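What's counted below: heavy atoms across the whole structure, side chains too, no hydrogens, waters or symmetry copies. Whatever order the structure lists them in is the order used to number ligands and atoms, beginning at 1. These figures come from a predicted structure and were not determined experimentally.
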Amino acid sequence: MGGVQSRAELDQFWQREDPWGYQAHPHDRIRVGELLAALPRRPYGHTVDLGCGDGFVTFELPGERVTGIDLSKEAIGWAEKRAATRVDRERFHFKAASIFDVPQLGLPPADLIVITGVLYPQYIGGAFAAIDAGLSALLAPGGILVSVHISDWYRSSFSLSRLVMHRYPYREYEHLLEVYQR
Ligand SMILES: C[S@@+](CC[C@H](N)C(=O)[O-])C[C@H]1O[C@@H](n2cnc3c(N)ncnc32)[C@H](O)[C@@H]1O
């Protein structure tokens, strides 16, 4: 496997809309349902979706204010375009930034953090510990973090209290969904 993908490489990939075909694949609809079903039922003030891509998951998330962050400016461009068509567009805010720069972004504490399909070697190398520290610090006390990843490609655990571990089929893989609380 090569190194960590750069912004330029991700931007190249995101030139086309919906590069992984999420809109058409039934398993991607199902994975959003699995994520929403696993969320503790409560009001969420600030939600942060890290590695949000074009907002496929982001636009389904609860939260008075929802911040989507992705390294790719092209992905953020797609997300902003989609947001502009929504009646609830004021809820959504997107920013092109790396997950590694989250501590420097000055975001308000998050009641809910969602991270799906991002904690893979091609995106973060071996730097999970820095992400664990940065996201744990962003989470408000009692806040919820949801992580969803292809189980064969993800071997990490956040240093938070794990409430849920759930596996389900996803395309030719298996997804591991985890819910943590600070
Ligand atoms: C497999 S996609 C998942 C998109 C979305 N989370 C979902 O589940 O539909 C991974 C996303 O992570 C983004 N990404 C990769 N490295 C990143 C980094 N260092 N910081 C922020 N986003 C990153 C990519 O641009 C891409 O949009």
Criterion ring pair (Phe, Tyr, Trp, His ring centres under 6.0 Å) on Tyr173 and Trp153, from CA distance to verdict: CA-CA 10 Å; Tyr173 308 106; Trp153 303 351; 5.0 Å; yes
Ile99 and Ile69: CA distance, side-chain angles, deciding distance, side chain to side chain contact (heavy atoms under 4.5 Å, CB included) verdict: CA-CA 8 Å; Ile99 190 169; Ile69 292 171; over 6 Å; no
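Counting only heavy atoms of the protein, atom 7 (C) of ligand 1 lies nearest to Thr116 OG1, 3.2 Å. Ranking the protein heavy atoms by distance from atom 20 (N) of ligand 1 puts Ile99 N, 2.8 Å first. Summary of contacts: the protein heavy atom closest to atom 9 (O) of ligand 1 is Arg31 NH2, 2.9 Å. Ranking protein heavy atoms by distance to atom 6 (N) of ligand 1, first place goes to Gly51 O, 2.7 Å. The protein non-hydrogen atom at the shortest distance from atom 13 (C) of ligand 1 is Asp70 OD2, 3.3 Å. With respect to atom 22 (N) of ligand 1, the closest heavy atom belonging to the protein is Leu71 N, 3.2 Å. Of all protein heavy atoms, the one closest to atom 15 (C) of ligand 1 is Tyr123 CD2, 3.3 Å. Summary of contacts: the protein heavy atom closest to atom 10 (C) of ligand 1 is Gly117 O, 3.3 Å.
Taking 4.0 Å as the cut-off, Phe13 does not count as a neighbour of ligand 1 on heavy-atom distance. In this structure, Trp20 has a heavy atom closer than 4.0 Å to ligand 1. Contact annotation: Gln5 has no heavy atom less than 4.0 Å from any atom of ligand 1.
No salt bridge links Asp54 with Lys81; every basic N to acidic carboxylate O contact stays at or beyond 4.0 Å.
Other members of the hydrophobic cluster containing Phe92, listed by chain and number, are Phe59, Val66, Ile76, Phe94; membership follows side-chain contacts under 4.5 Å among ILVMFWY residues, whether direct or relayed.
Using a 4.5 Å heavy-atom cutoff, the side chains of Leu35 and Thr116 are in contact.
Which parts of ligand 1 touch Gly53 is read off a 4.0 Å heavy-atom cut-off, strictly below it: atoms 27 (O).
Ring pair Tyr170/His25 is tilted by interplanar angle, where 30° to 60° counts as tilted.
Here the options are Asp49, Asp70, Val114, the test is side chain to side chain contact (heavy atoms under 4.5 Å, CB included), and the partner is Thr58; only Asp49 passes.
In terms of polar-atom proximity, defined here as any N/O pair under 3.5 Å, Ile69 makes no such contact with ligand 1. Polar contact check, Ala75 against ligand 1: no nitrogen or oxygen pair lies under 3.5 Å apart.
The NZ atom of Lys95 sits 10.0 Å away from atom CD of Glu80, with the distance rounded to the nearest 0.5 Å.
Judged purely by atom type and a 3.5 angstrom limit, Arg7 uses its side chain to pair as donor or acceptor with the backbone of Leu71.
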